[in-house]
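Both ligands and their constituent atoms are indexed starting at 1 by order of listing. These numbers come from the heavy atoms of this one structure, side chains and all, not from hydrogens, waters or symmetry mates.
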Amino acid sequence: MAHDEPQAAGPTKLVIRNIGLVLSGAMEKPILDADTIVAENGRITGIGRAKDLDAEGATTIIDANGTTVAPGLIDSHVHPVAGDWTPRQNQIGWIDSFLHGGVTTMISAGEVHMPGRPRDVVGLKAMAIFAQRAFWTLRPGGVKVHAGAPVIETEMVEEDFKELAAAGVKLLGEVGLGGVKDGPTARKMVGWARKYGIQSTIHTGGPSIPGSGLIDKDVVLEADTDVIGHINGGHTALPDDQIRCICEGCKRGLELVHNGNERSALYTLRIAREMGDLSRVILGTDSPAGSGVQPLGILRMVSLLSSLGEVPAEIAFCFATGNTARMRALDCGLIEVGRSADFVIMDKAQHSAGKTILDSVQLGDLPGIGMTIIDGIVRTQRSRNTPPATKVPVIVGH
Ligand SMILES: [Zn+2]
C-alpha cells in the first residue's frame, strides 16, 4: 500500500512533450493550443509548443505519445476517516484506488464515519483538527486530501469557529449530518464559519443512512452554504421543483455526486445550462458510502453528464477540475502557469466506438488513464482500474 508521499530530492523539472490534446479545466477555453507542458518544483511554468519552451535541465521527460493531458481530477465530496482505510465498507487502499481513477485532490464533507465519532463540541473540534493534520501529513499515493471538516452541533458558539480556523480548519462537514437541521441555526453558524474563512456545504435531500435526516429546499436556501452538497441527493433527491428553486434561488455551487440520483443530476445540469450557470457545476462521489467506493466515480460522472446530458466532453471535464478549484480556492485544477503540476494523462479506451477521446466520452465510454502526476512527480503509470488506454505516455528520460 502506497502510504507515503513520494518526495522529490532537490529541485525537479518535468517536461511532458508530444501531447495530442491539452484540456485546460477552464470552461471559457477548455482546449489549449499546446503540445508541451513544463513544471518546475511542482508548479506549472510553461505551456505551449515545444520549440517555444525551455526543456533544458529536465529531471523527468515524458513522451505523451499523442495522448491527452488534463488537470488531475478533484472529488469535491468524500468521507475519509483515517489514512487509507474506510470503516464504511471496511476497505483499505481506497484513496490509492481513486488515484488510479485520475483523482489527485479530494475534499472531505466530514469525517462522519469515524467509529465512535464525538458529538460534544470539544470532541468534534479535536477530531477536525486531528483529521486536517493527519491527512496533510500522510497523503495516500500522493493524493491531496483536504480533510478536517467538523459537523456542526447546536451547542457551538462563534468562538468555536474562530478557534477552528486559527487551528487550520478550512471546511465544514455537511450541515445536517449533526444536530443542526434547521435553517436559522444553520445560517447563523455558516455565517460564523464564513467570517473566519471556513467553507461550508450542506447535505441536500433525504437521509443517506439511518440517523441522518431530510434537508429540503427551505433549509438549503436559508443555510446559504458555499456549496449545495449533492443537490442530486445522497441518494434520495428532492423533487424537481425544489431542485429548480435551489438553482434559481442562489448562486452557490451545485454539486452532483456519483452516489446520488442520476436522473436528478441530469435535471440539475439542464437547469444550470438554461440559466447559463454551468460554471457552478462541480462533481463528487460522496464515497465511501452504502454503495461502496467508486475509484472511477468522477470519470463516470463526466461520461454520464457528457453523454446523457449532452455536454461537450471538454466542458464536462471542467466540472471535475477548474470549476471545483475556483469554487474552493484550490491551487490545482487548471492547466495554467503557477498552478500545481497535478495531471491525469488519458487516451480513448481500447476498442471504444469513439473516434477521439472526447468523442468516446460523449458516447458514454470512460477514457483509459495512462499516467497520473501530482506536484510534478509521476505517481502511477497505466491505471489498474480504467479500461486500457489505446496509447500510453512513457517516461523517456530522467
Ligand atoms: Zn450527504
Side-chain angles (χ1 to χ4, degrees), residues 74-81 86-89 94 98 106-114 117 119 124 127-128 131 145-153 171-183 185-186 189-190 193 198-239 242-243 246-247 250 252-265 267-268 280-294 297-298 301 324 327-328:
I74 304 168
D75 187 334
S76 170
H77 193 133
V78 296
H79 292 294
V81 165
T86 169
R88 196 75 188 85
Q89 302 297 345
W94 71 279
F98 272 58
M106 293 178 163
I107 311 287
S108 174
E111 297 78 35
V112 289
H113 302 155
M114 173 65 83
R117 171 165 71 96
R119 291 169 189 253
L124 75 87
M127 195 180 90
V145 183
H146 296 261
V151 174
I152 55 174
E153 297 290 345
L171 300 161
L172 286 191
E174 285 174 78
V175 173
L177 295 188
V180 177
K181 297 185 195 294
D182 68 291
T185 312
M189 293 190 180
V190 164
I198 298 175
Q199 276 210 349
S200 51
T201 185
I202 190 163
H203 172 95
T204 308
S208 47
I209 51 172
S212 76
L214 167 71
I215 301 288
D216 66 10
K217 72 153 182 15
D218 295 327
V219 179
V220 169
L221 287 172
E222 184 158 18
D224 192 33
T225 51
D226 298 299
V227 171
I228 313 301
H230 55 62
I231 189 168
N232 63 319
H235 281 270
T236 312
L238 294 173
Q242 291 206 27
I243 290 178
I246 293 170
C247 292
C250 70
R252 301 298 184 186
L254 303 173
E255 186 188 72
L256 304 177
V257 300
H258 186 266
N259 283 317
N261 179 317
E262 290 169 329
R263 193 199 58 79
S264 301
Y267 178 77
T268 307
R280 291 167 64 192
V281 175
I282 62 175
L283 306 183
T285 54
D286 195 2
S287 65
S291 57
V293 302
Q294 295 87 25
I298 295 295
M301 287 301 290
T324 323
M327 193 169 299
R328 294 187 173 279

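Using modelled atom types, one finds a donor on one side chain and an acceptor on the other under 3.5 Å when comparing T285 with D75. Looking at D216 and Q242, their side chains never bring a donor and an acceptor atom within 3.5 Å of each other. At a cut-off of 3.5 Å, with distance as the only test, a side-chain donor of E255 or S76 sits close to an acceptor on the other residue. Neither side chain, T268 nor N232, offers a donor N or O lying under 3.5 Å from an acceptor on the other.
Ordered by chain and number, E174 OE1, H203 ND1, H230 NE2 make up the set of protein N, O or S atoms under 2.8 Å of the Zn ion (ligand 1).
A 4.5 Å side-chain heavy-atom check between P288 and V81 finds every atom pair outside the cut-off.
We find the NE2-OG1 distance between H79 and T86 to be 10.0 Å, quoted to the nearest 0.5 Å.
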